[in-house]
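Because only heavy atoms are used, hydrogens play no part in the values below, and waters and symmetry mates are left out as well, while side chains stay in.
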Amino acid sequence: MLKVAMLSKWHVHAEGYAKTVLETGKAEITVVWDDDVERGAQFAKELNCDFEPDLDKMLARDDVDAVVCTTPTTMHHDVLIKVARAGKHIFTEKALAPTVKECEEIAAEIEKAGITFTISMPGRVSPVVRLAKKLIDDGEFGKISLVRIRNGHDGVSGGWLPEYWFDETKAGGGALMDLGCHPMYEACYLLGKPKRISAILTAPFGSKVDEAATASIEFENGAVCTGETSFVTFNTPGAVEIYGSDATLLAYGRDVKFYNKKIKEYTKEYVVPDLPEEMPIPLVLFIEACVNGTGTPENFGTKDAIDLTRLLENAYVSNNNNKIVEL
């Protein structure tokens, strides 16, 4: 049984992650650490486990094999370096850190320690994205020119995101740093190496951080991905659109349509492709990897984390300086 420590209840997914850990039947939560003592003690009470306010003491415990990091994003660097040096396996919320420099320093300690690492990029296991990836790899689209990926909700306009979510000193940014991660890491998974980026960030409801963002990324293969994210859009379905010289895919939620030149002589209508079977989410992949000793799951490692932060960091540079940024 893998023994897991929960690092903070700051993140809105902390409770969900704790539930997932327990539901695997392969792990148990032995302790909670949090820089906010009151918040952490309450979380430990809810999970019926120990609370340890001292991070060093928590990491020295024999009943901690791995951690689930849901601290403020700007704390990841200092916290995860300590975790790595203590030899504990790491699952972390995205982004790994707000800057590439911080990410690279964390990654160096993880490599030195030889521990299992997984970053939360759930979009990479979604049936829609995996279908798109297979079709791309099979050459179905010909030359891809444009991809659009959208991920948004009404956390600000609907008033349900916690107020601390808009503290840049902890969150590292706003909608782009949070939901904006998903279009970015999905685009890299589908299209390869990015070449340059431009971004526009807005805050129509007046938050101290960006509430909506659009980033355009050019890839080395010539494709451009427009990633759209928002905290102020009502009932927004996730969307993936892929436009190529030989085919088009349109996906809104799980409503997927596909059309290519091969079926043109048989029908003028889009067809509904079969979606791949569901895959375990990254946290489950992490627990299984730790239990089975198989190492970091493919597509969720430190390189993937660094690639994501490189896009995030330069998207903010682009917006703040009103320019296209070469990667």
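The two residues T309 and L96 make their nearest non-hydrogen contact at OG1-N, 4.3 Å. Across all their heavy atoms, I324 and S198 have their closest contact at CG1-CB, 3.9 Å.
In this structure, NZ on K88 lies 10.0 Å from CZ on R61, to the nearest 0.5 angstrom. A distance of 4.5 Å separates CE of M58 from CG of L7, quoted to the nearest 0.5 Å. Distance CG/L312 to CG/D178: 10.0 Å, rounded to 0.5 Å. K133 NZ to L191 CG: the interatomic distance, rounded to the nearest 0.5 Å, is 8.5 Å.
Between F141 and F258, the two ring planes are perpendicular [angle over 60°; tilted spans 30° to 60°]. In this structure, W10 and Y164 have tilted ring planes: the angle between them lies in the 30° to 60° band. In this structure, W160 and H153 have tilted ring planes: the angle between them lies in the 30° to 60° band.
Within the 4.5 Å cutoff, the side chain of V32 has heavy atoms near those of the C49 side chain. A heavy-atom distance below 4.5 Å is not found between the side chains of D34 and F43. Using a 4.5 Å cut-off on side-chain heavy atoms (C-beta onward), R124 and M279 make no contact. F234 is not listed as a side-chain neighbour of S157, based on a closest heavy-atom distance of 4.5 Å or more. Within the 4.5 Å cutoff, the side chain of T302 has no heavy atoms near those of the I106 side chain. Within the 4.5 Å cutoff, the side chain of E93 has no heavy atoms near those of the C69 side chain. Using a 4.5 Å heavy-atom cutoff, the side chains of L311 and L327 are in contact.
In this model, no donor atom of one side chain and acceptor atom of the other lie less than 3.5 Å apart for Y189 and D304. For the 3.5 Å distance criterion, the side chains of E241 and Y252 qualify, holding a donor opposite an acceptor. Between the side chains of E102 and H76, no donor N or O sits under 3.5 Å from an acceptor N or O.
Residue M184 forms a side-chain contact (heavy atoms from CB on, under 4.5 Å) with just one option from I197, I149, D307, N151, and that option is I197.
Note on K94 versus E186: no salt bridge recorded, every NZ/NE/NH1/NH2 to OD/OE distance being 4.0 Å or above. The pair E288-K26 meets the salt-bridge criterion, since a charged nitrogen lies less than 4.0 angstrom from a carboxylate oxygen. The existence of a salt bridge linking K261 and D246 is confirmed by a sub-4.0 Å separation between a basic side-chain nitrogen and an acidic carboxylate oxygen.
In this structure, Y17 is not a member of the same hydrophobic cluster as L285, with clusters built from ILVMFWY side-chain heavy atoms closer than 4.5 Å.
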